[in-house]
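Read through the structure below, which is laid out as structure tokens, and then see the notes.
As the structure lists them, so they are numbered: ligands from 1, and atoms in each ligand from 1. The model shown is predicted, which means the values in this text are computed figures rather than measured ones.
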Amino acid sequence: MRVSKEILPKVGTAIETVFKRIKIENNFNFFVTADNNQANASCSLMSSASRPDIVLTSRLIELLSLEELQFVIGHEVAHFVYQHALYPNHNNVDDRNLKLNILNLSRAAEISADRIGFLACNSLEDSLRANFKLASGLSDKHFNFKPSTYLDQLRDLEDLGKSSTELWSTHPSFLIRMQSLIWFSMTKEYHEFFDNKKKGTYNLREIDEKLDIKIKKITGDELEISNKEIYEKALIWGSLDIYLSDKKFSKIEQNEFASRFGKKANKAISLLKMSSARDMLDKKIDISFTEASKLLKTEKDKLVEELKTVGKETGGDKMKKLKILGKLLNILGIKKPVSF
Ligand SMILES: [Zn+2]
């Protein structure tokens, strides 16, 4: 059933309030579907070209107060505005590291959407209650609302150490989501958004870092370590290729290379002493950059920037170095001209 203010005046008003608060034009269609089991909302059309549909289940509307419903509506609107549906689908991917990166991104998308949900209802308590109700399925009469006890549960979860359930999950634990909302409510950015007189204790970057540490305690650092390994391998072999652009590798250059990469540099340099050095290096580059092509875009962009710095700081012909960079970018799947 399509939501209209005539049929569902309270829900209609809640929707209006959300768009006013988050300062976005309402070009969405809202529907309610009969489902008494699942308290759920979804955004069913994700292309920015057409009018998106947001579907709320009847159970969701029965379970939540109108303020809590505003949180959920804001959350769904955010998924559309941020175009999260354009993220790659982890189900279509075999590579373990890539799959984990996509799941990590998917959990980050939930955290972002929650923040917009919070702005949409402009109440920390209602945001937390909505989260709790969706996680437990319980209505008001069954629970005591005390955020501090949830944070105790989060600490218990941290004490248990890394959990593969969390690592492989598309959504963060509701405990993480609650912690994230509490910190978000303390940011300068939040207070600025509503022109509050209060200043806020943290900025967004600070709470993102705090959150990252919490999340890693629960998911473990497997993903971070494997991303770093892939990144560093590509960086060292790519850099070596740039150093060799003029087919020379002088003592000075070798020392430079060694001070840039430490112990790992010696291993790479010793490879060059073999008779089939060029073939070996080409193979190393091919393997390491194919692996790196599966990193997330932000990581790949960072890698390109570091390789450009290497290009700038080494001697030799600039055009030759640019040509090598172009080849490396091509394996990474980045299709744009490169210059430094
Ligand atoms: Zn979501």
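Taking the six-membered ring for Trp and the full ring otherwise, F71 and F118 have centroids separated by 6.0 Å or more.
In the model, Y243 has a side-chain atom that pairs as donor or acceptor with a side-chain atom of E256 under 3.5 Å. Side-chain contact of N40 with D35: a donor-acceptor pair under 3.5 Å is absent, judged by distance alone.
Restricting E110 to its N, O or S atoms, the one at the least distance from the Zn ion (ligand 1) is OE1. Shortest distance from the Zn ion (ligand 1) to H79 is reached at NE2 (N/O/S atoms only). Looking only at N/O/S atoms, H75 comes nearest to the Zn ion (ligand 1) through NE2.
A cation-pi geometry, defined here as NZ or CZ lying under 6.0 Å from the six-membered ring centre and within 45° of its normal, holds between K318 and F340.
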